[in-house]
2 protein chains.
Amino acid sequence: MVAGIRTPKPVQEMANEMPELYQQLVELRNKLEQHYQEIQDYEYTIEKGTLYCLQTRNGKMNAQALVRTSVEMVAEGLIDREQALLRVNPEVLDQLLHPSLDPGYSAQPVAQGLPASPGAASGKVMFDAYRAELFRRAGEAVILVREETKPEDIHGFFASQGILTSRGGKTSHAAVVARGMGKPCVAGAEGIEVDTRQRLARIGKILVHEGDTITIDGGNGNVYLGEIPTVTPEFSGELKTLLQWADEVARLKVMTNVDTPEAAARAVEYGAMGIGLCRTERMFNAQDRLPIVVDMILASTREARQEVLERLLPIQRADFKALFKVMAPRTVTIRLLDPPIHEFLPSERQLETELVRLKQLRNTVEGVGDLMGALQLLPGKTARDISPTTPFDENGVELIDEVIAKKELMLLKVRELFEINPMLGHRGVRLGITYPEIYAMQIRAVLEATAECVKEGLTVHPEIMVPQVCTAEELVRVREVVVETQQAVEQEHGIKLNFLFGTMIEVVRACMRAGKLAEVAEFFSFGTNDLTQSTFSFSREDAENKFLPFYNENHILQDNPFEVLDVKGVGELMHLAVEWGRQSRPDLKVGICGEQGGHPASIRFCHDAGLSYVSCSPPRVPIARLAAAQAALLSAATK
Amino acid sequence: MVAGIRTPKPVQEMANEMPELYQQLVELRNKLEQHYQEIQDYEYTIEKGTLYCLQTRNGKMNAQALVRTSVEMVAEGLIDREQALLRVNPEVLDQLLHPSLDPGYSAQPVAQGLPASPGAASGKVMFDAYRAELFRRAGEAVILVREETKPEDIHGFFASQGILTSRGGKTSHAAVVARGMGKPCVAGAEGIEVDTRQRLARIGKILVHEGDTITIDGGNGNVYLGEIPTVTPEFSGELKTLLQWADEVARLKVMTNVDTPEAAARAVEYGAMGIGLCRTERMFNAQDRLPIVVDMILASTREARQEVLERLLPIQRADFKALFKVMAPRTVTIRLLDPPIHEFLPSERQLETELVRLKQLRNTVEGVGDLMGALQLLPGKTARDISPTTPFDENGVELIDEVIAKKELMLLKVRELFEINPMLGHRGVRLGITYPEIYAMQIRAVLEATAECVKEGLTVHPEIMVPQVCTAEELVRVREVVVETQQAVEQEHGIKLNFLFGTMIEVVRACMRAGKLAEVAEFFSFGTNDLTQSTFSFSREDAENKFLPFYNENHILQDNPFEVLDVKGVGELMHLAVEWGRQSRPDLKVGICGEQGGHPASIRFCHDAGLSYVSCSPPRVPIARLAAAQAALLSAATK
């Protein structure tokens, strides 16, 4: 047996063949497991009618087995619930939450990138978001393949089963958005050369054309030709039980970062206790809103901007209402607009290229697909205005001229809005202060949605959160708008509104001024992505593409601080902010919504720092729930 | 008299006409000045042989009068030295240090920009640095006029009397460099449209051609056509006396931020007690080094880079030696390379444009001036290789081809080095860690220059300062190179070297880790420009061009934190860093070398925070000396 030279028989047959020895074996097994309180992988021999135990060790188990045995061992009274909770490394739960390639099927990858968002998916290759959407509507499974993605590709993410990029790291736009949506993503597969114009990709000598099927595995970064079967994980009864126990033990609440009702529903299934971060800019990026947002940006007067914002108001209100409904009665924290507005416009270079193409297009009467994309920019015009099968008529050319004029305006605006360091630029509350009508619209949308839900009998707990705050005066100004709007909406609807008003803590100065901020804010939410950037003076994308890997490999920094919270620097600032904030407002609610909020080591820190909640992407919610329980248990043990 | 309807006589005539009343008047004046301890502006009348004093008030004085009367009043025993020191607002000294327009001459400005660097200057308009240098060599006074300046324009600054830009704020490249050099600068004169290709500027309907004379006044931002006479200030005996008293009273030392021997000599005249910040990148930018620096950047292997660095070593060594000689026996603090290396390359767009032009040029055999500029890129080739008067020969075309090939390489490199947020990118010690040979060359240059000076009998006090440090391990790695080089140089020269090794504190995390850093660093120097950027998450150029003026006008922030140190946020971090740093190393020397170091309010803060020195640009040294004395006096008074 041990030497592997005989074909083994099932152990059950021993019960018939050698009933007495079998009984001894069962007793041995029980004794070993009782002693080690772990499933045992043991070796034995039977020589001349005597059972000898040769060796024993803890059994190696995959995630599913680990969870099942933990719950079963509690049922058998071998271990208690706390022991069961401590037995499972939270990170292994990741295996249980994403489809994976059928292990019975072997295939050779043709390329490899970074495992940027877990899970496996197959679909037809599409090289732009518009065509991804077109094919999705026709019922096809699609993999979006881009050199890198931009905010305007967002509708392509929705339409796709998975995302593959040839450039960018684990924190590239593609990776972050895909993780947020829980879709598989392979990023930075540098062996793939994407040629969007010709709608093909080159992988060495292999040509992959639009419509060809590929499979990506976001768990290891592999890319395969053709469709490879996947197996879908089940959220087992045992896992549910284990996580219920976790929730009973944990002090930290686990919230989630989502911005669509679909993602919210999934997060609730995973046990999210509320939304800790709803990024409203994702709503601005959706395909039906982006043209309106572009109009808002192009507006040259406050009045013109106001007019466009009135078109956005009902859309945002419906967005929030849908979220509230899914989440009721849980908390929904809505962050007001954060990114610099130039992020909603294409790049200067892209616009220049598009303008050249559009001008050619106008004459050559070709490329219906491109035109369809361009048309999305004109409110009220859709792809249906031109039949894809009919050659251009005069109406078509007029439409192109309209698009050209608009793109030229956009180009001027892009140049005007150019920033040297956009991460530290005109964004967040700075936008809200200089263009108060944008925040006013969003605040009204939140409060009106709340009022409508309340009238429908729902219990909703909205929270309004202001990003990039550096001084209490900024919060005071935004609160003025909130109070004014609250009074108006309460009067209009004849009801009282209950909600909280709070701030992100993601600017270093906000930590230093936490005492003052807490006089205005009812809650703090640490945005540890940005806070880490400004504490280290590391721009995340630049650092991860340039010097950070070198720093980690050479032990100048032990971890990537964008993955594991930097306790000594960022953590120290957080400690100060919590202490000073609670001096002003003892019941201050404090959470974290940066990406580190879903990582066990950071969760332990958050527990010890006295935070009220962590908020992470839906697939990390189960991991965070278990980690929060372990933090409570381990913290109590070391006290 | 009071009504202004009679022409007054000189008051001395009264001594003859009414000797008794004149005696009374003198007594009255002495009594008033003794009482108010200020020069008095008083009114009197004589009616029927009686002198009546109608009213008196403190006299309004310009800077020169204020300084003179202060020193004289001490000599007369009216006030003591402390009172004299407190009597003069340090900011008014600014008037005494720069040439100003002859007040007897009146002219109408044709444009106005921001007063970015004080002083007035006239000269012939030149639209690029190369032509500025050409005309300067021909003995012309030049005003460099650009849309905005870039590091590669640095030789144009040296060649010019003053700088005028049509874009950018008080902290644009042009403004900062001009202030550092003490040259007048008017920045962001938006009414001027600069057309570099046509070598002319449009101011409304006025056309200003290359070679036309203009005058700029950096004190108020005015731009005039033609030459307006200027008056040069004198550093009066009284001012020297007052500042000597100041130095005796002040606890803070006043150092200066310079990087050339000329500026250093001027700073010493102004009373600088050492160099607190020598930016070595300015040396990299000088016209004779930039081509070598470009070669270093283009080097694809460590060996190739090493080879280029060996060409830079003697140049840097000579740079440092020249500085040491001027400053001996004062401290010279040398900051190792700080900016991201792409700053030494032109922009992508500029290179693309230049390549198009060069390719045209190659065929059209025109534009000798442009070619001369391009030639600077080829080491060993200078403008003299082609006579500006001779049409191109084949040799010329070959040279252009060489330039084109090089620029194409540069373009590739620029694209590779692109960063999204360069302020938070691959710069400072991060460069020093990933390309250790660059810092090794600089460290060797410093130590060899020191050894040579010592052998020449000079007493020198060099300090090596590391920028952008976020963790002690970075300092440890650089110190290893320092120690290794020290041993080698000491052996080669057979002497012992004395110097300090320290760090900039300009990254927030450096403040939080100050205790650890002080175990390695012998001194701290707060880089409050960068520290302010990362504490606020404000990119300075973006903030000042976009939302910061709005924030100041609307009292969301009281001051521009890049001009006046933000005591509540940045200052709080500095307090923590000083406290934690001195816990590890009680005799830690701590200074500030950000631009705020020259501003009285910030100097008061630095005094109270227990700093050892402030460092500022040469023209602000006298201001800082007086402010440091006032800080000591006022701080003692409030204790």
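Keep in mind the model is a prediction, meaning the values are calculated, not measured. Lettering of chains follows the sequences in order, A, B, ..., and the numbering in each one begins at 1.
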Contact origin within [X] toward chain B - heavy atom pairs under 4.5 Å:
{"X": "A/D530", "answer": "neither"}
{"X": "A/T471", "answer": "side chain"}
{"X": "A/V429", "answer": "both"}
{"X": "A/E572", "answer": "both"}

Is [Y] close to [X] at the side-chain level, that is, under 4.5 Å between some pair of heavy atoms?
{"X": "B/E473", "Y": "A/L557", "result": "no"}
{"X": "A/L576", "Y": "B/L576", "result": "yes"}
{"X": "A/K546", "Y": "B/E419", "result": "yes"}
{"X": "B/H426", "Y": "A/D542", "result": "no"}
{"X": "A/I433", "Y": "B/N554", "result": "no"}
{"X": "A/M512", "Y": "B/V570", "result": "no"}
{"X": "A/C470", "Y": "B/F538", "result": "yes"}
{"X": "A/R540", "Y": "B/N421", "result": "no"}

Could you tell me which portion of B/L431 (side chain, backbone, both or neither) has an atom closer than 4.5 angstrom to a non-hydrogen atom of chain A?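 Neither part.
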Atom group of B/F550 that falls short of 4.5 Å from chain A, counting heavy atoms: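 Side chain only.
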Choice from A/E541, A/R477, A/Q468 maximising heavy atom contacts with chain B below 4.5 Å: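 Of the candidates given, the most pairs with chain B belong to A/R477.
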When heavy-atom pairs shorter than 4.5 Å are enumerated against chain B, which of A/I420, A/V507, A/T434 gives the highest number?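 So the answer, after comparing A/I420, A/V507, A/T434, is A/I420.
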Interface residue of largest heavy-atom contact number with chain A, from B/E352, B/K516, B/E506, B/Q533, under 4.5 Å: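 Going by pairs under 4.5 Å, I would pick B/E352.
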Are A/Y551 and B/R430 close enough, and set up right, to give a side chain to side chain contact (heavy atoms under 4.5 Å, CB included), and what steps lead you there? CA-CA 9 Å; A/Y551 263 47; B/R430 296 158 215 156; 3.5 Å; yes
About how many Å separate CZ of A/R427 and OG of B/S537, when rounded to the nearest 0.5 Å?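 Result: 7.5 Å between the selected atoms.
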Any Lys/Arg nitrogen of B/E348 or A/R349 sitting under 4.0 Å from an Asp/Glu carboxylate oxygen of the other?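 A/R349 and B/E348: salt-bridged.
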Start with the C-alpha distance between B/K568 and A/R509, add both sets of side-chain angles, then the distance that settles side chain to side chain contact (heavy atoms under 4.5 Å, CB included), and finish with yes or no. CA-CA 9 Å; B/K568 293 177 184 170; A/R509 198 174 187 277; 3.8 Å; yes
Mark yes when over 12 heavy atoms from residues, nucleotides or ligands other than B/Q583 sit less than 6.0 Å from its CD; otherwise mark no.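 Result for CD/B/Q583: enclosed.
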Within 6.0 angstrom of B/E190 CD, more than 12 heavy atoms from elsewhere: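 Not buried by this count: 12 neighbours or fewer within 6.0 Å.
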Verdict with reasoning, A/V476 to B/I556, per side chain to side chain contact (heavy atoms under 4.5 Å, CB included): CA-CA 10 Å; A/V476 168; B/I556 292 156; over 6 Å; no
